[in-house]
Amino acid sequence: MKLATWNVNSLAVRLPQVLDWLAANPVDCLVLQETKLTDDKFPQAEIEAAGYNVAFHGQKTYNGVALLSRGAPAQDVVKNIPGFDDDMARVITGTVACAGGGIRVIGGYFPNGQAPDSDKFVYKMRWLDALRAWVADELQRHPRLVLMGDFNIAPEDRDVHDPVLLAGTIHLTPEERAHFQGLIDLGLFDAFRLFDQPAKLFSWWDYRMLAFRKNQGMRIDHILVSQALKRHVEACHIDKLPRKNERPSDHAPVVLTLAE
DNA sequence: ATGCCTTGCTTAGCAAGA
């Protein structure tokens with residue numbers, strides 16, 4: 001059983017790359033962020049033709065998320081965070097089939113936050129509060145849970161290429177990291193860190209300044225698993241290959257492998 | 001220090017990303 005997350009930075013541009021990647025990496029579940037498509041423009045037929053069911057929640061120009069699943073469609077799909085009034089399409093939740101029992105998947109495109117002194121940062125903090133409550137509720141109902149997506153948080157200094165240069169900047173602030181820890185404290189585990197990993201593995205690289213070539217990136221895309229799933233985790237890796245594509249997304253997919 | 005790219009929206013220059 002494989003699950004993955006990928007911020008595609010426009011599904012209109014990246015659809016062929018997503019279909020190519022799925023053909024080479026036929027994961028059971030894939031959540032996408034930054035589709036940037038209203039639902040009427042979502043390429044449902046193309047994705048279904050590739051053998052995937054898909055639930056999606058989009059808006060014009062910004063944000064937008066999708067949940068792809070092989071085999072059965074995701075069940076009990078919820079869009080955004082119930083009870084949190086938000087005009088941005090950032091979260092999609094559903095239960096995907098798995099031999100060992102269904103897995104509740106929450107796919108999120110966390111707010112960027114722009115800068116620590118900005119209104120967008122305030123929104124990011126409010127959004128993270130709401131998400132934490134939503135994940136806590138869902139964990140009560142669904143012990144087998146995965147929270148994955150573009151968190152826009154680098155949890156530790158080792159998750160960025162230059163923690164001294166970037167100290168205190170967006171993605172690294174103590175407030176953001178406290179929120180990441182708050183999710184962990186619900187009983188979740190950063191699947192990537194369940195394993196010894198080589199240094200300087202990242203999931204995002206700026207388009208500018210030849211950042212990818214110089215490996216000046218950050219690890220801000222994450223897969224968190226619940227206690228009930230932790231012992232089934234076989235691997236978690238970042239697939240850098242699509243970042244080498246022509247016209248790539250600035251993010252790479254992150255893939256979780258669970259024992260059946 | 002700033003912008004460096006990329007995208008969408010709209011048609012040329014922003015806003016936003018991270």
Can you check the [X] [atom1] to [N] [atom2] distance for me, whole Å?
{"X": "Asp119(A)", "N": "dA15(B)", "atom1": "CG", "atom2": "C1'", "value": "15 Å"}
{"X": "Asn112(A)", "N": "dG17(B)", "atom1": "CG", "atom2": "C1'", "value": "6 Å"}
{"X": "Gln59(A)", "N": "dG17(B)", "atom1": "CD", "atom2": "C1'", "value": "14 Å"}
{"X": "Tyr123(A)", "N": "dA15(B)", "atom1": "OH", "atom2": "P", "value": "19 Å"}

Reckon [X] has a side-chain N or O less than 4.0 Å from the OP1 or OP2 of [N]?
{"X": "Asn7(A)", "N": "dA18(B)", "result": "yes"}
{"X": "Lys120(A)", "N": "dG17(B)", "result": "yes"}
{"X": "His251(A)", "N": "dG17(B)", "result": "no"}
{"X": "Asn152(A)", "N": "dA18(B)", "result": "yes"}
{"X": "Arg247(A)", "N": "dT7(B)", "result": "yes"}
{"X": "Arg14(A)", "N": "dT7(B)", "result": "yes"}
{"X": "Tyr109(A)", "N": "dA16(B)", "result": "no"}

Quick check for you: among [options], whose closest atom lies nearest to any side-chain atom of [X]?
{"X": "Arg208(A)", "options": "dC5(B), dT7(B), dG8(B)", "result": "dC5(B)"}
{"X": "Ile220(A)", "options": "dG17(B), dA18(B), dG8(B)", "result": "dA18(B)"}
{"X": "Ser10(A)", "options": "dA16(B), dA18(B), dG8(B)", "result": "dG8(B)"}
{"X": "Lys36(A)", "options": "dT6(B), dG8(B), dA18(B)", "result": "dG8(B)"}
{"X": "Tyr62(A)", "options": "dT6(B), dA16(B), dA18(B)", "result": "dA16(B)"}

Could you check whether Asp150(A) gets within reach of a base, just the sugar-phosphate, or nothing at all, counting any heavy atom under 4.0 Å? sugar-phosphate
Pairwise C1' distance, dG13(B) and dA1(B) [rounded to whole Å]: 23 Å
With rounding to whole Å, what would you report as the distance between dT11(B) and dT7(B) at their C1' atoms? 15 Å
Assess whether a salt bridge exists between [X] and [Y], defined as any Lys/Arg side-chain N lying under 4.0 Å from an Asp/Glu carboxylate O.
{"X": "Arg193(A)", "Y": "Asp159(A)", "result": "yes"}
{"X": "Asp157(A)", "Y": "Arg177(A)", "result": "yes"}
{"X": "Asp190(A)", "Y": "Arg219(A)", "result": "yes"}
{"X": "Lys2(A)", "Y": "Asp28(A)", "result": "no"}

Which label fits Phe42(A) and Phe56(A): parallel for a plane angle under 30°, tilted from 30 to 60°, or perpendicular past 60°? parallel
